[in-house]
Structures are given as C-alpha cells and as structure tokens.
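Since the structure comes first, as structure tokens, the remarks are kept for the end.
Not measured: the values here are computed from a predicted model.
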Amino acid sequence: MATFDHDDITLHYEVTGNGPPLVMLAGFMSDHASWTPLVPLLREHFTCVTPDNRTTGRTTPWDAPVSIEKMTLDAIALMDHLGHERFHVLGHSLGGIVTLQMADTVSDRIASAHLAASAPVRLTRNTALFAALIAIRRSDAPPDTWLRALFPWLFNPRIFDDPQRVEQAIADSLSYPHGQSVDAMAHQLAALRDFDGSALAHPNCPTQALAGGLDLIIPPDHLLTILGHLPHHLIDGAGHSIHWDAPKAVATHVREFAATHPI
C-alpha cells in the first residue's frame, strides 16, 4: 500500500511490474482492484501504476471535491511524484475520459493513450441507470439487489449461464473491504453528470480505442462514431467490463500499440 498527499486528498495507489510506466485509471464506481485481471498480463512489460480515483478505494476523504479535471490533475501529480516524465495511460470508462483530459492537458508527456470501453459521450440513459442504482442502494432492498441489476450492463451475457460464477462475483463484491459507499457513488456521479467532453475527441498524442462488441453502456456504434478516426479495435464478445471479459485481447492491444510509441 502506498499513499501520496496531494491537493485536498490522500491518494492511494499500487505499483507493480517492470518496464516503462503505465498509469491505469479505473472506471466509475471502481478502484485499482478493477485491474486485477489485466495487471498480471501487463506487469512483465510495464511498471503498472494503479491509483484509487477520488471517491473510491482507500483514497481519502471520500467526499473531497470531485471532477474530471481534478482526477486528471491527481493522475499527473502522481506521475510527477513517482518521477515519470513520460508515460503511457490506459483508462477504462470514466478513466478513459480522464485519459482524454490528460491528453489535452499534458499531451507531450503521454507516449500512448488507450481508451477501453470509453468515449467522450454523455448518454442520458446511463445517468438514469446509475441514479436508479443509487436509489436501490438507499432503499430497504437486500444489499445484493443493486449488483444483480448492474451486472447485466457490465458483462458478456454468457456469465449468467453459470449461476455459481454470478453468485461468487456478487459475494466478492459485497465482501470487498474498500468498496465505494452509496454516498461516494452519488458524489462521483455528479462529476460525470456535469462534464462535457465533446472537445476531447481529437487527442494530441498517439491514442487507440478499444470497444466491446457487446458493450451496453458505451455501445460500439456510439464509440466508433466519435472515435472511429483513431486506431481502434472491436473486441467481439466483450461487454463494458472489457478487461474482465477479454483481458488477453486488451493486454495484447495495449502492448502492441505502446510498442510502436516507445518512451
């Protein structure tokens, strides 16, 4: 466990692996642990830096001011703290928006950027989904109810053909000691609701987009309409949690693209 005092937060992060630095920015509701399937496939090629974004994990306080801009500055400050002048960036979902904001802020420092199931698009349906999940969490419903409502939006539908796997995933989520509280979730949602990223679709650094063929939250047609001018790959059979559904494919694309843009 490592922490870094910056601005108005104490930022928790993990570092593992060897090679050029790769900062990995998690999506909405997620912290560094969301990269669990991917880090083992990347740490022999990169020094993987995985922070807990504001409102998540062990970064405190959970209710510090949050915005895309603040999360961007947090990530840049962390790489300064670690002594990395240039680095690669991988962002999933919300983390991809932060990646694009980083590309707009310090493009000369980013060797390559990788957007996983992410695009600068604000879908009203997604905001309504997350608001409904928050309402479920604040209700008297059993604590697993909101996860059972969320999982179909995240994963390849085949996961539901194995009920034991679903039950284990729910049990793991409920037992995770650093899970995001419902109040922190609502606080983070405000950062998404208020952000307009439409100006970020043309990053000034080498950037690739990875789309999940079965993604319901950032559907591939939406992603490619906005980011199709960038190098991109459509990963068949992957839902929004693209790095859980297809970690080997994601890792391969990250390694290959980064190799063509060395530090």
Run the numbers on E44 and R255 for salt bridge (charged side-chain N to carboxylate O under 4.0 Å, His left out), then give the verdict. CA-CA 10 Å; E44 293 184 5; R255 291 195 305 263; over 6 Å; no
Could you walk me through whether D215 and H240 pass the side-chain hydrogen bond (donor to acceptor under 3.5 Å, both in side chains) test, one step at a time? CA-CA 4 Å; D215 193 341; H240 188 64; 2.9 Å; yes
Evaluate salt bridge (charged side-chain N to carboxylate O under 4.0 Å, His left out) for R86 paired with D108, printing each intermediate quantity in order. CA-CA 8 Å; R86 298 197 76 230; D108 58 321; over 6 Å; no
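Applying side chain to side chain contact (heavy atoms under 4.5 Å, CB included) to D245 and the options I235, L154, V250, N156 leaves one that passes, N156.
Closest heavy-atom contact between S112 and H88: OG-ND1, 2.6 Å.
Here H178 and H12 keep their ring centres 6.0 angstrom or further from each other. With ring centers used as reference points, H261 lies under 6.0 Å from F257.
For N204 (side chain) and S107 (main-chain N/O), no donor-acceptor pair under 3.5 Å exists by modelled atom type. Judged purely by atom type and a 3.5 angstrom limit, T10 has no side-chain atom pairing as donor or acceptor with the backbone of T60. Between the side chain of N53 and the main chain of A26, a donor-acceptor pair closer than 3.5 Å is present. The backbone N or O of Q101 sits less than 3.5 Å from a side-chain atom of T105, completing a donor-acceptor pair. Of the possible polar contacts, none joining the T99 side chain to the I97 backbone as a donor-acceptor pair under 3.5 Å is found. A distance-only check finds no donor-acceptor pair linking the side chain of Q180 to the backbone of S30 [under 3.5 Å]. Between the side chain of T47 and the main chain of G19, a donor-acceptor pair closer than 3.5 Å is present. Not one N or O on the side chain of T145 forms a donor-acceptor pair closer than 3.5 Å with the backbone of A141.
Placement of I263 and V49 in two distinct hydrophobic clusters is found when ILVMFWY residues are connected by side-chain heavy-atom separations under 4.5 Å, directly or transitively. Following chains of ILVMFWY side-chain contacts shorter than 4.5 Å, one cannot reach F87 starting from F46, and the two form parts of different hydrophobic clusters. Neither L230 nor L90 shares a network with the other; the hydrophobic side chains, linked directly or stepwise wherever heavy atoms of I, L, V, M, F, W or Y lie under 4.5 Å apart, form separate groups for each.
Side-chain contact between W244 and L38 is absent, with no heavy atoms from C-beta onward closer than 4.5 Å. With contacts defined as side-chain heavy-atom distances shorter than 4.5 Å, the pair M185/R137 qualifies. Considering only heavy atoms from C-beta on, L22 stays 4.5 Å or farther from V89 through its side chain. Side-chain contact between P247 and W35: absent, with no pair of heavy atoms (C-beta onward) separated by less than 4.5 Å. Two residues are said to be in side-chain contact when any heavy atoms from C-beta on lie closer than 4.5 Å; L115 and L210 fail this criterion. Looking only at side-chain heavy atoms (C-beta outward), K248 and L41 come within less than 4.5 Å of each other. With a 4.5 Å cut-off on side-chain heavy atoms, D183 and R138 count as touching.
In this structure, H243 and H92 have tilted ring planes: the angle between them lies in the 30° to 60° band. Aromatic ring orientation, Y13 versus H81: perpendicular (interplanar angle above 60°, classes split at 30° and 60°). Ring geometry for H233 against H253 counts as parallel: the plane angle stays under 30°, on a 0 to 90° scale with 60° as the upper cut.
Salt-bridge formation is not detected for the pair R58/D31: no Lys NZ or Arg NE/NH1/NH2 atom is positioned less than 4.0 Å from an Asp or Glu carboxylate oxygen. Looking at R54 and D7, a side-chain N of the basic residue comes within less than 4.0 Å of a carboxylate O on the acidic one, giving a salt bridge. The pair D196-R122 fails the salt-bridge criterion, with no side-chain N (NZ, NE, NH1 or NH2) lying under 4.0 Å from an Asp/Glu carboxylate O. The residues R109 and D80 are annotated as salt-bridged, a charged nitrogen and a carboxylate oxygen being separated by less than 4.0 angstrom.
Summarising the local packing, CZ of R158 is surrounded by 12 or fewer heavy atoms from other residues, nucleotides or ligands at distances under 6.0 Å.
To the nearest 0.5 Å, the span separating CG on L129 from CZ on R125 amounts to 8.0 Å.
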